[in-house]
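As structure tokens, the structure follows; a few thoughts come after it.
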Amino acid sequence: FLLGTTNGFTTEFTHIGANLSSTYRYRVEAYENGGNNQALSNVYVQLLFYPDPPEDTRIATATVSLLDEISLVVDIDENSTYNNTYILDRKEVETSIFGPPEWESLDVFTAGIGINFVDFVDINVFPKEQQYDYRVIVQNGCQDNVDTTTVAKPMLLTGLSNNTRLVNTLFWTHYEGWDNGISSYRIYRSNDPGELGDLLVELPNVATSFEDDVSDLLFSPGEFCYSIEAIEAGSGITFNSMSNQMCLTLEPKIWVPNAFMVGGFNDIFNPVITFADFERYRMIIYGRWGDIIYDTFDIQEGWDGTFGGEIAPQGVYAYFVSVQDGSGQVYEERGTVTLLITDE
């Protein structure tokens, strides 16, 4: 059938409305200008096909680093022979008064044959404050969207400390994005922000909270930093995902005796302090005129009741104790202590 006509100077033509998955045979007829002669070209055969989408595109993991960045691994079809384009999108989970958040494109990339995983690091995020959704849209060589991955959502870890019961309670959201779900959760605890620390406990995949009893860690600095690791269920190659790191601080507890006796059973005046950074400790003893008669920065040292190499007079003395918690906040204690001298 006649597809179209052109002028005598044209050497190309576009077939608009061709059916995909069809085979066409084309030829060109040339007509003499002002005459009756004509000529036929050779026959050109063209098979039109629509490329299939790549198989098994997914976000293998979206995990929060200790630098508060979110790292993503995109698992793609390494055997795909078509010129596919991958669009990585992000969306904030929280809604606002301006309406639900919209997807925004973070990166557009292609991958050649033999490429199985593509890495991406999202640095413009605040994973301690809010959650994010991630997805990948696949476009074929015709720039049509042919696939969209399951949305991946990293965990959000929060918590609170109880200074009366000496426990830290953790709460976290489930990781979302794995077709086979989650095998288990692992909880890590560290005394130093920015370090993962040691494995504390492994919990079943339905857990969303945990209570950590720290009553046996009284003489630690009092700052406890936690991270949750989700383990993907399934066999073969599986991935993990880390939550944000969340730190809780227990306030220092300072117990100060109100008296001690030189030559007696309790002959050293020394406060008992828990959940404190003892590198930031100081104790001062003042005389009745406000003069300093004892000063130390060592928690292991106490006042033995002497001043200038001799036993101080029996009586009431003022003290000042200063210490910091694990996060650097200063706590101070002031009061008086009675110095007693045994008759023996």
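Computed from a predicted model, the values in this text were never measured in an experiment.
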> Should the heavy atoms of other residues, nucleotides or ligands under 6.0 Å from CD of Glu29 be counted, would the total exceed 12?
Replying inline: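 Yes, the 6.0 Å shell around CD holds more than 12 heavy atoms from other groups.
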> More than 12 foreign heavy atoms under 6.0 Å from CG of Asp198: is that the case here?
Replying inline: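 At most 12 heavy atoms, drawn from other residues, nucleotides or ligands, come within 6.0 Å of this atom.
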Looking at every non-hydrogen atom in both residues, tell me the closest pair between [X] and [Y] and how far apart they are.
| X | Y | value |
| --- | --- | --- |
| Leu156 | Thr173 | N-OG1, 3.0 Å |
| Met242 | Leu196 | CE-CD1, 3.7 Å |
| Gln46 | Tyr44 | OE1-OH, 2.7 Å |

Check: residues 226-238 side-chain donor-acceptor pairs under 3.5 Å, at least two apart:
| unit_1 | atom_1 | unit_2 | atom_2 | d |
| --- | --- | --- | --- | --- |
| Tyr226 | OH | Asn168 | ND2 | 2.9 |
| Tyr226 | OH | Asp212 | OD2 | 2.6 |
| Glu229 | OE1 | Tyr188 | OH | 2.7 |
| Glu229 | OE2 | Asn240 | ND2 | 2.7 |
| Glu232 | OE1 | Phe239 | N | 2.8 |
| Glu232 | OE2 | Arg58 | NH1 | 2.9 |

> In Å and rounded to the nearest 0.5 Å, what is the CZ to CZ distance from Phe269 to Phe260?
Replying inline: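 Here the interatomic distance stands at 7.5 Å.
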>> Rounded to the nearest 0.5 Å, what separates atom CG in Asp277 from atom CD in Gln324?
In response: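 Between Asp277 CG and Gln324 CD, I get 6.5 Å after rounding to 0.5 Å.
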Any side-chain donor paired with an acceptor under 3.5 Å for [X] and [Y]?
| X | Y | answer |
| --- | --- | --- |
| Tyr31 | Asn37 | no |
| Asp68 | Asn244 | no |
| Glu251 | Asn163 | no |
| Tyr281 | Glu279 | no |
| Thr306 | Asp304 | yes |
| Glu223 | Ser327 | no |
| Ser190 | Glu195 | no |

> Are any non-hydrogen side-chain atoms of Glu92 and Tyr132 less than 4.5 angstrom apart?
Replying inline: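 Side-chain contact under 4.5 Å: yes.
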>> Measuring only between side-chain heavy atoms, which start at C-beta, is Leu170 closer than 4.5 Å to Met246?
In response: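 Answer yes - side chains close enough.
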Determine yes or no for a side-chain-to-main-chain donor-acceptor pair under 3.5 angstrom, with [X] supplying the side chain and [Y] the backbone.
| X | Y | answer |
| --- | --- | --- |
| Thr296 | Asp298 | yes |
| Asn19 | Ser22 | no |
| Asn145 | Ile137 | no |
| Tyr319 | Val256 | no |
| Asp122 | Ile70 | no |
| Ser241 | Ala62 | yes |

> Going through the checks in order, is the salt bridge (Lys or Arg N to Asp or Glu O under 4.0 Å) test met by Asp295 and Arg282?
Replying inline: CA-CA 7 Å; Asp295 191 358; Arg282 188 179 188 185; 2.6 Å; yes
>> For Phe224 and Phe275, take the angle between the two ring planes, folded into 0 to 90°, and tell me which bin it lands in: parallel under 30, tilted 30 to 60, perpendicular over 60.
In response: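 Because their plane-to-plane angle is over 60°, the rings of Phe224 and Phe275 count as perpendicular.
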> Can Trp303 and Tyr317 be said to form a ring-ring contact (aromatic ring centres under 6.0 Å, His included), step by step?
Replying inline: CA-CA 11 Å; Trp303 184 40; Tyr317 294 83; 5.2 Å; yes
> Would Ser184 and Asn205 count as a side chain to side chain contact (heavy atoms under 4.5 Å, CB included) if you check the C-alpha gap in whole Å, the side-chain angles of each, and the deciding distance to 0.1 Å?
Replying inline: CA-CA 4 Å; Ser184 62; Asn205 58 4; 5.7 Å; no
> Rest of the hydrophobic cluster containing Val272 (Ile/Leu/Val/Met/Phe/Trp/Tyr, side-chain heavy atoms under 4.5 Å)?
Replying inline: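 Its cluster partners, ordered by chain and number, are Trp255.
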> Does NZ or CZ of Arg135 lie under 6.0 Å from the centre of the six-membered ring of Trp103, at an angle within 45° of the ring axis?
Replying inline: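 Cation-pi check for Arg135 and Trp103: passes.
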